[in-house]
Amino acid sequence: MPHNSYPLLHTINDPADLRLVPRAQLGALADELRAYLLHSVAKTGGHLSSNLGTVELTVALHYVFSTPHDRVVWDVGHQTYPHKILTGRRERMATLRQLGGLSGFPQRGESEHDTFGTAHSSTSISAALGMALAAKIKGEERYAVAVIGDGALTAGMAFEALNNAGVADCNLLVILNDNDMSISPPVGALNRHLAKLMSGQFYAAAKNVGKTVLKGAPPLFELAKRLEESAKGMVVPATLFEKFGFNYIGPIDGHDLDALIPTLENIKHLKGPQFLHVVTKKGQGYKLAEADPVAYHGPGKFDPAVGLQAPAMSSKQSFTQVFGQWLCDMAAADPRLVGITPAMREGSGMVEFEQRFPQRYFDVGIAEQHAVTFAAGLACEGLKPVVAIYSTFLQRGYDQLIHDVAIQNLPVVFALDRAGLVGADGATHAGAYDIPFMRCIPNISVACPADENECRQLLSTAFAQNHPVAVRYPRGAGAGTAVQAGLDALPFAQGEIRRSGKGVAILAFGTLLYPALQAAEKLNATVVNMRWAKPLDMALLLQVAAEHDALVTLEEGAIMGGAGSAVLEALQAAGLLKPVLQLGLRDEFIEHGDPAKLLALQGLDAAGIEASIVKRFAPLLLPGRPALKAVA
């Protein structure tokens, strides 16, 4: 983008440069930053609404605090594009969420200004508290700031951190970026004045002096304390956070630099835990995003002058769409079904379900642990809960999965979206670990559909069971198979042979069945659609093992402890010593990029599968059998 379009912004290569900008020009700088952000994200795709809403707050934080000496931790992190632009990464925004490019989230290895890596919500207060107490232990004068949204504040972890922080004697500022709370009072001149007053030295000193004077007369002190709480509570929702031990300040307009900067400057000189409540608007400054912040939460590439256009009709359904339609159909057929999501209604495909079955739809907020145990409670009363949850988000409810669901063997269905690689969101959202972390838990079964139609059928199979079952499926579309109507289920824990060959048998778990079939054509290998990572179809496995010289296991998940490991354990237990090649995601965190490229780099496309089999098994072929041809 030409420098003359953003004359102020192009002088900022570090927050130190920002702090040299005259205060009167900060509003113009914020306007340039918002325009740059909009046109940059329009070219790459990425999170937009949330970032448009944090422009002024980002400017104010870097202007007032001596970052990176003072630590700023952004919760979730999908609102940090303005932060990236102001911290030396402006020219790299064209690489956002692409292989080898900038991450869409804060990443410690990317910049010293990314003080803590975040991508899952509600971790900021805990991390910032750790940093604040570390500074105290080391005798360093610095502030730690946690910026958390009202949605992220619904998680129990955030309240655990608030409870701990309120009694910690350290310089911690928690900023509530409130962009959706309907109970928030109007913001304006009065609230700005109160915020400045409550954050100022005079107010703090007066409050402390008053407490000292009145402590000699306990009844008067208690009366004054109650009056103070009641008076503030009529104007601001202060009482809750002050009960945690914080000095509550706000709410103030998060888009008003003349309110933000003086308030932050006052807070910077206060000691102990502070809580600043700012009110912002998602999509601020771009009318289309303001009107529909959900649609503009994470758009692909688009023309800002036109806005998002309806996507061209595709013959392929995504797995998420398949799940959403199945959920509605099964709910119509079975009144026991209830649907649960931890704040991912759109992402998990539950919009229609909420509209059609509002009494059986539960969005519990960003509270994965609660979602799992809540489902267990419903199941105890004879209902059939379906928890629609991303693979990586279920990690956050692991204890509840074991303790509350599995030990009691309750019939909860887990619809695990985003299993496997997710592309642009990178390692933090890749569903690489669900097979290993679930298959070691007694009573739980794990299904791995190969395509969209099989996904619908296996969801019906899972729903029919009287124990917990997870059905894992990837983001986006698969092979494009036609999805049949009806609620027919596949047999429980049974796979199928999809191609008969000789020598080598490929055991595919999930959507990698289709590249396996391509590779098998060149190798004349057998291909088995295993369908279930737990329990394995032992009859089929032992039959295939007996009829072939070597086996290959294939999964879009972690190799260590995954479905391939299950096969090895089963063969060992049966006394069958067969060579087995395990293909899957290697023991490394896989960063953001195009999913097809990432799979190829992991050797999980058709060419990579073929090459790995040739490399491992060509020397092991029986005498007299034609050698496998090396892959070019």
*Asks:* Could you check whether any side-chain N or O of R90 sits under 3.5 Å from a backbone N or O of L9, counting only pairs where one atom can act as donor and the other as acceptor?
*Replies:*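 Yes, R90 side chain to L9 backbone: donor-acceptor pair under 3.5 Å.
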*Asks:* Closest approach of A477 and E452, non-hydrogen atoms and distance?
*Replies:* C-OE2, 3.8 Å
*Asks:* Any non-hydrogen side-chain atom of T511 less than 4.5 Å from a side-chain atom of Y473?
*Replies:* no
*Asks:* According to the interplanar angle, ranging from 0 to 90°, do the rings of Y6 and H10 count as parallel (below 30°), tilted (30 to 60°) or perpendicular (above 60°)?
*Replies:* tilted
*Asks:* Between N247 and E242, is there a side-chain heavy-atom distance shorter than 4.5 Å?
*Replies:*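 In short, these two side chains touch, coming nearer than 4.5 Å.
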*Asks:* Is the side chain of R34 donor-acceptor paired with the backbone N or O of L52 at a distance under 3.5 Å, no angle test?
*Replies:* yes
*Asks:* Would you say L18 and L26 make side-chain contact, with heavy atoms under 4.5 Å?
*Replies:*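 Answer yes - side chains close enough.
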*Asks:* Could you walk me through whether N177 and T280 pass the side chain to side chain donor-acceptor pair (under 3.5 Å) test, one step at a time?
*Replies:* CA-CA 7 Å; N177 177 26; T280 62; 2.5 Å; yes
*Asks:* Using modelled atom types and a 3.5 Å cut-off, is there a donor and acceptor pairing between side-chain atoms of E368 and backbone atoms of L394?
*Replies:*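 Flag not set: sc E368 to bb L394 has no pair under 3.5 Å.
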*Asks:* Looking only at heavy atoms, what is the nearest atom pair of G478 and K316, with distance?
*Replies:*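 Heavy atoms of G478 and K316 come nearest at O-NZ, 3.3 Å.
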*Asks:* Given 3.5 Å as the limit, does a donor-acceptor pair link the side chain of Q284 with the main chain of K281, or not?
*Replies:* no
*Asks:* Kindly compute the distance separating CD (E32) from CD1 (I85), expressed to the nearest 0.5 Å.
*Replies:*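 Here the rounded value is 11.5 Å.
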*Asks:* Examine distances only and state if a side-chain atom of D178 and a backbone atom of V279 form a donor-acceptor pair shorter than 3.5 Å.
*Replies:*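 No, D178 side chain to V279 backbone: no donor-acceptor pair under 3.5 Å.
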*Asks:* How long is the gap from CD1 on I267 to CG on L260, to the nearest 0.5 Å?
*Replies:*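 Interatomic distance, I267 CD1 to L260 CG, rounded to 0.5 Å: 9.5 Å.
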*Asks:* State the CG-CG distance between L8 and L33, to the nearest 0.5 angstrom.
*Replies:* 11.0 Å
*Asks:* Taking it one step at a time, do L401 and M438 satisfy side chain to side chain contact (heavy atoms under 4.5 Å, CB included)?
*Replies:* CA-CA 9 Å; L401 185 63; M438 285 190 297; 4.1 Å; yes
*Asks:* Does Q79 offer a backbone N or O that forms a donor-acceptor pair with the side chain of T54 under 3.5 Å?
*Replies:* yes
*Asks:* Using a strict 4.0 Å threshold on nitrogen-to-oxygen distance, state whether D434 and R472 make a salt bridge.
*Replies:*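 A salt bridge is present here (some side-chain N lies under 4.0 Å from a carboxylate O).
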*Asks:* Could you tell me whether the side chains of D404 and T373 share a donor-acceptor contact shorter than 3.5 Å?
*Replies:* yes
*Asks:* Run L601 and L99 through side chain to side chain contact (heavy atoms under 4.5 Å, CB included) and show every step you take.
*Replies:* CA-CA 11 Å; L601 289 172; L99 188 62; 4.0 Å; yes
*Asks:* Would you check if E591 and S103 make a side-chain contact, meaning some heavy-atom pair closer than 4.5 Å?
*Replies:*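 With C-beta onward as the side chain, the pair stays apart.
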*Asks:* So which atom in S348 and which in T320 form the shortest heavy-atom distance, rounded to 0.1 Å?
*Replies:* C-CG2, 3.4 Å
*Asks:* Can you check whether F244 and F275 have ring centres sitting under 6.0 Å from each other?
*Replies:*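 Centroid distance F244-F275: not below 6.0 Å, so no.
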*Asks:* Are Y390 and V422 close enough that some pair of their side-chain heavy atoms sits under 4.5 Å apart?
*Replies:* no
*Asks:* To the nearest 0.5 Å, how far apart are OG1 in T44 and NZ in K301?
*Replies:*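 Reported to 0.5 Å precision, the distance equals 8.0 Å.
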*Asks:* Would you check, one step at a time, whether the test side chain to side chain contact (heavy atoms under 4.5 Å, CB included) holds for Q98 with K597?
*Replies:* CA-CA 10 Å; Q98 298 167 38; K597 290 182 181 178; over 6 Å; no
*Asks:* Rounded to the nearest 0.5 Å, how far apart are NE2 of H78 and OG of S49?
*Replies:* 9.5 Å
*Asks:* For the residue pair T67 and H62, confirm or rule out a side-chain donor-acceptor distance under 3.5 Å.
*Replies:*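 Yes - a donor-acceptor pair under 3.5 Å links their side chains.
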*Asks:* Say whether, by atom type as modelled, one donor and one acceptor occur between the side chain of D70 and the main chain of Y143 under 3.5 angstrom.
*Replies:*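 Yes; judged by distance alone, with no hydrogens or angles, the pair exists.
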*Asks:* Using side chain to side chain contact (heavy atoms under 4.5 Å, CB included), reason through E290 and K287 one step at a time and then give a plain yes or no.
*Replies:* CA-CA 5 Å; E290 289 181 15; K287 296 301 182 183; 3.8 Å; yes
*Asks:* Among D114, N13, T95, find the one that has a side-chain hydrogen bond (donor to acceptor under 3.5 Å, both in side chains) with R89.
*Replies:*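 Only one of D114, N13, T95 forms a side-chain hydrogen bond (donor to acceptor under 3.5 Å, both in side chains) with R89, namely D114.
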*Asks:* If you draw a 6.0 Å radius around CZ in R108, do more than 12 non-hydrogen atoms from other residues or ligands fall strictly inside?
*Replies:* no
*Asks:* For the residue pair Q325 / Q317, report whether a side-chain donor-acceptor contact shorter than 3.5 Å exists.
*Replies:*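 Q325 and Q317 do not have a side-chain donor-acceptor pair below 3.5 Å.
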*Asks:* Quick one: pull up CD in E56 and OH in Y63 and give me the separation to the nearest 0.5 Å.
*Replies:* 15.0 Å
*Asks:* Okay, side chain of H277, backbone of Y248: is any donor-acceptor separation there less than 3.5 Å?
*Replies:*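 Not a single qualifying donor-acceptor pair exists.
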*Asks:* Mind checking whether Q355 and C328 have side chains closer than 4.5 Å, heavy atoms only?
*Replies:* no
*Asks:* Heavy atoms only: give me the nearest L585-A432 pair and the separation to one decimal.
*Replies:*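 Nearest pair, atom of L585 first, then A432: CD1-CB, 3.8 Å.
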*Asks:* May I ask you to check whether H429 and F105 place their ring centres under 6.0 Å from each other?
*Replies:* yes
*Asks:* Does D75 reach the main-chain N or O of S124 with its side chain, forming a donor-acceptor pair under 3.5 Å?
*Replies:*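 Indeed, once roles are kept as given, a pair shorter than 3.5 Å links the two residues.
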*Asks:* If you compare all heavy atoms of A161 against all heavy atoms of L129, which two are closest, and at what distance to 0.1 Å?
*Replies:* O-CD2, 4.3 Å
*Asks:* On a heavy-atom basis, which atom in D417 and which in P474 lie closest, and how many Å separate them?
*Replies:*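 Taking D417 first and P474 second, the nearest heavy atoms are OD1-O, 3.8 Å.
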*Asks:* Please indicate whether M344 has more than 12 foreign heavy atoms, meaning atoms of other residues, nucleotides or ligands, lying under 6.0 Å from its CE.
*Replies:* yes
*Asks:* Given side chains that start at C-beta, do those of T11 and L20 come closer than 4.5 Å, heavy atoms only?
*Replies:*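 Sidechains of L20 and T11: no contact.
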*Asks:* Could you check whether any side-chain N or O of Y296 sits under 3.5 Å from a backbone N or O of K282, counting only pairs where one atom can act as donor and the other as acceptor?
*Replies:*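 Checked: no pair found.
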*Asks:* Is there a side-chain contact between L162 and L153 (heavy atoms, below 4.5 Å)?
*Replies:* yes
*Asks:* Look at D425 together with R418 and state whether they make a salt bridge at an N to O cut-off of under 4.0 Å.
*Replies:*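 Looking at D425 and R418, the cut-off is not met.
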*Asks:* Among T263, L264, V145, which residue meets the side-chain contact (heavy atoms from CB on, under 4.5 Å) test with V64?
*Replies:* L264
